[in-house]
Amino acid sequence: MKKNRFFLVFLRLAAATATLFLVLSIISCQKSRNSTLSSRPDFASSSISAAVLWEHINQGDQFKRWPAWPDYEGLRPGQSPHGRFHRIYISQPLADALPVATNVAPPGSIIIKENYDPDRKVAGYTIMAKVAGYNPDAGDWFWAAYGPDGAVMAEGKPEMCISCHAASASDFVLLQRLDFGGGIGQ
Ligand code: HEC
């Protein structure tokens, strides 16, 4: 009898430990899913480049499956200098964070603007990627522009991109404030 009771206690303890492990591993899985991008060594401020970013969004975490900017799906009319129409894709870390009360996009945020010509053919890509420590003077954004096939047209901290986007009231993002406090285009 005594042995039996001991065995039951042992079983309960084992079950409780197993449940705890299961819960802990689920939590850590979700955490690592959210932080994979910002902790990738090739997204470090010292090694980010247009080529690394292009490979990441095409061969790795494929951007065509990324979320759209909330309530801004599909082809939208664009403003100068970006082309007649565009489609916006955002990385999962940014999608998870929106709306951002502080108006500062978290590391791992990537905003891809697929630019289209008047015939609705892809004319190129302009991208902002938040890389911690990359450019503290201008929001730590890495900027890149590509032709439709990935040919690099500009990358890094182009004065041209930064000076125009500096008009934003929300971390250099022009489409909409990150806290959703201003409508699209404000
Ligand atoms: C003359 C101003 C101007 C310049 C220069 C400019 N942009 Fe933009 N950008 C805009 C505007 C306006 C939008 C809002 C969307 C639209 O209307 O096309 C925008 C939107 C974007 C977006 C979508 C996120 C957001 O901020 O709304 C990205 C990404 C982007 N631009 C990247 C770039 C890159 C990379 C460069 C440099 C190669 C660049 N831009 C140069 C004006 C500019």
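Being a predicted model, the structure only gives us computed values, none of them experimental. Remember, it's 1-based here, ligands and their atoms both numbered in the order they're listed.
- Heavy-atom separations between Ala144 and ligand 1 include at least one value shorter than 4.0 Å.
- The contact set between ligand 1 and Val173, taken as ligand atoms under 4.0 Å from a residue heavy atom, comprises 25 (C), 26 (O), 27 (O).
- Using a 4.0 Å cutoff on heavy atoms, Phe172 counts as a contact of ligand 1.
- The aromatic ring centroids of Trp141 and Tyr134 lie 6.0 Å or more from each other.
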Given side chain to side chain contact (heavy atoms under 4.5 Å, CB included), test Ile127 with Ile57 step by step and report yes or no. CA-CA 11 Å; Ile127 306 184; Ile57 64 168; 3.6 Å; yes
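- Salt bridge Lys157/Asp137: absent, no basic N to carboxylate O contact under 4.0 Å.
- A cation-pi arrangement is absent between Arg76 and Phe85, since the terminal nitrogen or guanidinium carbon is not both under 6.0 Å from the aromatic centre and inside a 45° cone about the axis.
- The protein atom (non-hydrogen) at minimum distance from atom 5 (C) of ligand 1 is Met160 O, 3.3 Å.
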Evaluate Asp179 against Asn103 for side-chain hydrogen bond (donor to acceptor under 3.5 Å, both in side chains), listing each step before the verdict. CA-CA 6 Å; Asp179 65 357; Asn103 278 304; 3.1 Å; yes
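- For Tyr72 and His86, the ring centers are positioned less than 6.0 Å apart.
- Counting protein heavy atoms only, atom 28 (C) of ligand 1 is closest to Met128 SD, 3.8 Å.
- Taking the ring centroids of Trp69 and Tyr89, they lie at or beyond the 6.0 Å cut-off.
- Neither Val152 nor Met160 shares a network with the other; the hydrophobic side chains, linked directly or stepwise wherever heavy atoms of I, L, V, M, F, W or Y lie under 4.5 Å apart, form separate groups for each.
- Closest to atom 15 (C) of ligand 1 among all protein heavy atoms lies His86 CE1, 3.7 Å.
- Considering atom 8 (Fe) of ligand 1 as centre, the angle to NE2 of His165 and to NE2 of His82 is 180° (10° rounding).
- In terms of protein heavy-atom proximity, atom 36 (C) of ligand 1 is closest to Cys161 SG, 2.8 Å.
- At least one N or O atom of Leu175, backbone or side chain, sits closer than 3.5 Å to an N or O atom of ligand 1.
- Nearest protein heavy-atom contact of atom 3 (C) of ligand 1 is Cys164 SG, 2.7 Å.
- For ligand 1, the atoms closer than 4.0 angstrom to any heavy atom of Ile111 are 23 (C), 24 (C), 29 (C).
- Ile48 is not listed as a side-chain neighbour of Asp42, based on a closest heavy-atom distance of 4.5 Å or more.
- The part of Ile127 lying near ligand 1 is the backbone, judged by heavy-atom distances below 4.0 Å.
- For atom 18 (O) of ligand 1, the nearest non-hydrogen atom of the protein is Gln79 N, 3.2 Å.
- Below 3.5 Å of separation, one finds no N or O of Thr126 facing any N or O of ligand 1.
- When each of Trp66, Phe142, Phe63 is paired with Ile110, the side chain to side chain contact (heavy atoms under 4.5 Å, CB included) condition holds for Trp66 and for no other.
- For ligand 1, none of its N or O atoms has an N or O atom of Trp143 under 3.5 Å away.
- In this structure the side chain of Pro106 reaches within 4.5 angstrom of the side chain of Leu94, judged on heavy atoms.
- For atom 20 (C) of ligand 1, the closest heavy atom belonging to the protein is Lys113 CE, 3.4 Å.
- What sits closest to atom 26 (O) of ligand 1 on the protein, heavy atoms only, is Leu174 N, 2.9 Å.
- Checking only distances, Gly78 never comes within under 3.5 Å of ligand 1, N or O to N or O.
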